[in-house]
Amino acid sequence: MAASIPPGDIQTQPNAKIVFNSPYDHKHTHRIKINNSSARRIGWAIKTTNAKRLEVDPPCGVLDPKEAVLMAVSCDAFDFASEDTNNDRITIEWTNTPEGADKQFRFEWFQGDGMVRRKNLPIEYNP
């Protein structure tokens, strides 16, 4: 049943992008809030375009309706002058959990017939 109902909206803070400021000779961490503004329980997961430089904690989870989670996006030290940062971003994917499912994240929720929504947050690096 959950597979036929599109997942509702989420809100993120920040809403449009993540900004890291120099210097990049040490690890930076930025907090992101994900809020499930829908009326259904969702499973969510984070993907990144640069797993070597960017780390997310926690990388996945389950949110009840109107529940929020605070997660950390970390940028490891790197040489800003010699590395391409133009395509760095994180992608939040979310889907409705099956009816009666425990509040325990399962990757198979994203592999079935259910609809998965995505939100991209570009990473901006200030020199």
Next item on the list: Taking the side chain as every heavy atom from C-beta outward, state whether Arg40 and Pro7 have any pair of such atoms under 4.5 Å apart.
Entry: no
Notebook entry, point to check: Looking only at atom types and distance, does a side-chain atom of Lys66 sit under 3.5 Å from a main-chain N or O of Ser37, one as donor and one as acceptor?
Noted result: yes
Notebook entry, point to check: Would Asp9 and Arg117 count as a side chain to side chain contact (heavy atoms under 4.5 Å, CB included) if you check the C-alpha gap in whole Å, the side-chain angles of each, and the deciding distance to 0.1 Å?
Noted result: CA-CA 9 Å; Asp9 290 333; Arg117 293 189 56 192; 2.8 Å; yes
Check: Around Lys103, counting heavy atoms of other residues, nucleotides and ligands shown, do more than 12 lie under 6.0 Å from its NZ?
Finding: yes
Next item on the list: Measure up the His28 and His26 rings against each other and bin them: parallel (under 30°), tilted (30 to 60°), perpendicular (over 60°).
Entry: tilted
Item checked: Worked verdict on Asp76 versus Lys52 for salt bridge (Lys or Arg N to Asp or Glu O under 4.0 Å) -> CA-CA 8 Å; Asp76 284 333; Lys52 188 179 96 178; over 6 Å; no
Next item on the list: Output yes when a side-chain donor or acceptor of Asn87 lies under 3.5 Å from a complementary backbone atom of Thr49, and no otherwise.
Entry: no
Item checked: Within 6.0 angstrom of Gln104 CD, more than 12 heavy atoms from elsewhere -> no
Check: Between Thr95 and Val116, is there a donor-acceptor pair closer than 3.5 Å when you use the side chain of the first and the backbone of the second?
Finding: no
Notebook entry, point to check: About how many Å separate OG of Ser74 and NE2 of His30, when rounded to the nearest 0.5 Å?
Noted result: 11.0 Å
Check: When rounded to the nearest 0.5 angstrom, what distance separates CD1 in Ile18 from CD in Glu124?
Finding: 11.0 Å
Check: Salt bridge between Asp64 and Arg41, side-chain N to carboxylate O under 4.0 Å?
Finding: yes
Item checked: Any Pro98 side-chain heavy atom under 4.5 Å of Arg106 side chain -> no
Notebook entry, point to check: Does a side-chain heavy-atom distance below 4.5 Å link Lys119 with Asn15?
Noted result: yes
Notebook entry, point to check: Val69 and Glu67: side chain to side chain contact (heavy atoms under 4.5 Å, CB included), yes or no, with the steps?
Noted result: CA-CA 7 Å; Val69 65; Glu67 187 179 13; over 6 Å; no
Note to self: For Asn50 and Phe78: C-alpha separation, side-chain torsions, deciding distance, then whether side chain to side chain contact (heavy atoms under 4.5 Å, CB included) applies.
What the structure shows: CA-CA 12 Å; Asn50 192 327; Phe78 70 100; over 6 Å; no
Notebook entry, point to check: Given the rule that I, L, V, M, F, W and Y join up when any side-chain heavy atoms are under 4.5 Å apart, are Phe110 and Ile92 in one cluster?
Noted result: no
Check: Side chains of Ile34 and Ile46: does their closest heavy-atom pair fall under 4.5 Å?
Finding: yes
Next item on the list: Give me the ring orientation class for Phe80 and Tyr24: parallel if the planes are under 30° apart, tilted from 30 to 60°, perpendicular past 60°.
Entry: parallel
Item checked: Residue pair Tyr125 / Asp88, side-chain heavy-atom distance below 4.5 Å -> yes
Notebook entry, point to check: Would you find a donor on one side and an acceptor on the other, under 3.5 Å apart, between the side chain of Trp109 and the backbone of Ile42?
Noted result: no
Check: Can Ile32 be reached from Phe20 by stepping across I, L, V, M, F, W or Y side chains whose heavy atoms are under 4.5 Å apart?
Finding: yes
Checklist line | Heavy-atom closest pair, residues Gly8 and Ser38 | finding: CA-CB, 3.6 Å
Note to self: So, taking the atom named CZ in Arg31 and the one named CG in Asp57, what distance separates them when rounded to the nearest 0.5 Å?
What the structure shows: 8.5 Å
Margin query: Test side chain to side chain contact (heavy atoms under 4.5 Å, CB included) on Asn126 and Val19; report intermediate values, then the result.
Written below: CA-CA 7 Å; Asn126 285 332; Val19 179; 3.3 Å; yes
Next item on the list: Please answer whether the main-chain N or O of Ala72 pairs with a side-chain N or O of Thr29 as donor and acceptor at a distance below 3.5 Å.
Entry: no
Note to self: Are Trp94 and Met71 connected into the same hydrophobic cluster when the rule is that any two of I, L, V, M, F, W, Y join if their side-chain heavy atoms are below 4.5 Å apart?
What the structure shows: yes
Checklist line | Heavy-atom closest pair, residues Pro122 and Ala16 | finding: CD-O, 3.1 Å
Checklist line | Contact check, side chains of Trp44 and Asn36, non-hydrogen atoms, under 4.5 Å | finding: no
Checklist line | Distance, nearest 0.5 Å, that separates NZ of Lys17 from CG of Asn120 | finding: 15.0 Å
Notebook entry, point to check: So, for Pro14 and Leu121, which heavy atoms are closest and what is the spacing to 0.1 Å?
Noted result: O-CD2, 4.1 Å
Check: With a 4.5 Å heavy-atom cut-off, do Ile123 and Thr85 have their side chains touching?
Finding: no
